[in-house]
2 protein chains.
Amino acid sequence: MIQINTGDSRPIYEKVKDSLRQLIISGALGADSKLPSVRELAVSLTINPNTIQRAYRELEQEGYIVSVPGKGSFVSRDRSALEARKVKLTEQLLALAAEFDELGVTREELAAIIKEERDT
Amino acid sequence: MIQINTGDSRPIYEKVKDSLRQLIISGALGADSKLPSVRELAVSLTINPNTIQRAYRELEQEGYIVSVPGKGSFVSRDRSALEARKVKLTEQLLALAAEFDELGVTREELAAIIKEERDT
DNA sequence: TAACTGTATTAATTCGGTTAGTACAGTTAA
DNA sequence: TTAACTGTACTAACCGAATTAATACAGTTA
């Protein structure tokens, strides 16, 4: 369900968050889908349950999932988190664009890159 | 010359690297410009010389600067590092675009954002 | 009742980042 | 030549975040 072996050295709980967020945004995990239990996922990834719990807790704070003691964790029904994600990604995009500016890459060139490299 | 107080919690040496890289790319520090000495910059930023040395060493590995024992560190004359930077930023850009895709933001919309938000 | 959920808490550990101190060799100007 | 700079190297210590480990408790479900 999730792969954590990305070479980067970021914290494990961040990788778990990113993987789950991606699954939710892409629709692979639809609204109300039941996530694996904290202990279950911990075993399958061979990491500590506390680490999974941290990922779940933060994903809940961000609005992607809802956790219910005794029942489990589920993909949130409301999509407000997706809007927040858009805002965040847009900030990153503009920061990137500013860096390209200083490298002498025009906005037109950037736009071209985005439109052309559609199949990656 | 450099500010390190950006709220993020990234390593100090990374912030120093980013600051200097930005100054070099923007042209604020032209080719052959002399950088502050390791000890000098360490004092002015109130951090350990070892931390500065690490930033300088990595900037040299990336091709932005050249360090000469006894003389100092200088902005590199050849611009190959800038091309490498472009490649790296382009990778980041395409990764971002892929995320926008899944959020339902079209490439045309992305291009529009890039062109419109010119003054940020 | 038994087996599952999420949650909370505390302690120990691991590891990268950072500091501290010292040392050495090359450069430069008085 | 000497003094004061440079970059560089090395070791030891420290700090804090990430992670593991071990329990414990309360709600849910079959």
Side-chain angles (χ1 to χ4, degrees), chain A residues 1-21 24 29 31-77, chain B residues 1-21 24 29 31-77:
Chain A
M1 181 181 197
I2 300 183
Q3 297 297 330
I4 303 297
N5 295 334
T6 52
D8 57 27
S9 61
R10 292 155 52 232
I12 300 175
Y13 75 91
E14 287 284 0
K15 300 180 198 172
V16 173
K17 281 180 60 181
D18 286 350
S19 295
L20 291 174
R21 188 191 299 110
I24 293 172
L29 288 178
D32 290 324
S33 292
K34 189 176 192 309
L35 298 175
S37 78
V38 168
R39 294 172 179 80
E40 217 174 38
L41 189 53
V43 169
S44 95
L45 295 181
T46 326
I47 53 185
N48 194 281
N50 295 329
T51 305
I52 302 294
Q53 190 196 343
R54 176 165 183 179
Y56 277 22
R57 186 201 318 136
E58 296 191 4
L59 282 173
E60 182 169 30
Q61 289 170 349
E62 293 172 14
Y64 290 99
I65 71 176
V66 175
S67 293
V68 183
K71 300 196 64 176
S73 298
F74 308 84
V75 175
S76 174
R77 224 167 297 114
Chain B
M1 181 183 197
I2 301 181
Q3 297 297 330
I4 304 297
N5 296 335
T6 52
D8 57 29
S9 61
R10 291 154 53 230
I12 300 174
Y13 75 91
E14 287 284 1
K15 298 181 198 172
V16 173
K17 281 180 61 181
D18 285 350
S19 296
L20 290 174
R21 188 190 300 109
I24 293 171
L29 287 177
D32 291 324
S33 292
K34 190 177 192 309
L35 297 175
S37 77
V38 168
R39 293 172 178 79
E40 218 174 39
L41 189 53
V43 169
S44 94
L45 296 181
T46 325
I47 53 186
N48 194 280
N50 295 328
T51 304
I52 302 295
Q53 190 196 343
R54 176 166 184 178
Y56 277 22
R57 186 201 319 136
E58 297 192 3
L59 282 173
E60 183 169 29
Q61 289 170 350
E62 294 173 14
Y64 289 99
I65 71 176
V66 175
S67 292
V68 183
K71 299 195 66 174
S73 298
F74 308 84
V75 175
S76 174
R77 225 167 297 113

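Just so we're on the same page: letters track the sequence lines, and every chain starts at 1.
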Of the candidates dA21(D), dA20(C), dT18(C), the side chain of Asn50(B) sits closest to dA20(C)
Check whether Thr51(A) reaches the backbone of Ile47(A) with its side chain - one donor and one acceptor, N or O, closer than 3.5 Å. no
Rounded to whole Å, CZ of Arg39(B) lies from P of dG7(D) at a distance of 7 Å
Quick test of your reading of the model: are Arg21(B) and Asp18(B) salt-bridged, counting only N-O distances below 4.0 Å?
yes
Here the distance between atom C1' of dT6(D) and atom NZ of Lys34(B), to the nearest Å, is 7 Å
Rounded to whole Å, CG of Leu41(A) lies from P of dT20(D) at a distance of 12 Å
| said: Looking at dA18(D), I'd like to know if its phosphate oxygens (OP1 or OP2) sit under 4.0 Å from a side-chain N or O belonging to Tyr13(A). | reply: yes
*If you look at every strand shown and take non-hydrogen atoms under 4.0 Å, does Glu60(A) touch a base, only sugar-phosphate, or nothing?*
sugar-phosphate
Whole-Å distance, Glu58(A) CD to dG6(C) C1', equals 16 Å
Closest to the side chain of Pro69(B), out of dT18(C), dT9(C), dT8(D), is dT8(D)
In whole angstroms, the gap separating C1' of dG17(C) from CD1 of Ile12(B) amounts to 8 Å
Across every strand shown, the nucleotide meeting Watson-Crick or G-U wobble geometry with dT29(D) (both distances under 3.5 Å) is dA2(C)
- Task: Report yes if the side chains of Asp8(A) and Lys15(A) come closer than 4.5 Å at any heavy-atom pair, otherwise no.
- Result: yes
Heavy-atom nearest nucleotide on DNA chain D taken for Arg10(A) and for Gln53(B); more 5' hit belongs to Gln53(B)
| message | Is Ser67(B) close enough to dG7(D) that one of its side-chain N or O atoms is under 4.0 Å from OP1 or OP2 there? | response | no
Looking at Lys71(A), does any N or O in its side chain come under 4.0 Å of the phosphate oxygens OP1/OP2 on dG27(D)?
-> no
When rounded to whole Å, the CG to C1' distance for the pair Asn48(B) and dT18(C) reads 7 Å
Here the distance between atom P of dG26(C) and atom CZ of Phe74(B), to the nearest Å, is 17 Å
Margin query: Does dG6(C) have its OP1 or OP2 closer than 4.0 Å to a side-chain nitrogen or oxygen of Ser73(A)?
Written below: yes
Here the gap from Ile4(B) atom CD1 to Thr46(B) atom OG1, rounded to the nearest 0.5 Å, amounts to 10.5 Å
Using a cut-off of 4.0 Å on non-hydrogen atoms, how would the nucleic acid contact of Ser9(A) be classed: base, sugar-phosphate, or nothing?
nothing
Comparing nearest nucleotides in DNA chain D, the 5'-proximal residue of the pair Pro11(A), Val68(A) is Pro11(A)
Worksheet item: Using a cut-off of 4.0 Å on non-hydrogen atoms, how would the nucleic acid contact of Arg54(B) be classed: base, sugar-phosphate, or nothing?
Response: sugar-phosphate
Ile65(A) CD1 to dG6(C) C1', in whole Å, measures 11 Å
Inset, instruction - State, yes or no, whether a side-chain contact exists between Tyr64(B) and Ser73(B) at a heavy-atom distance under 4.5 Å. - result: no
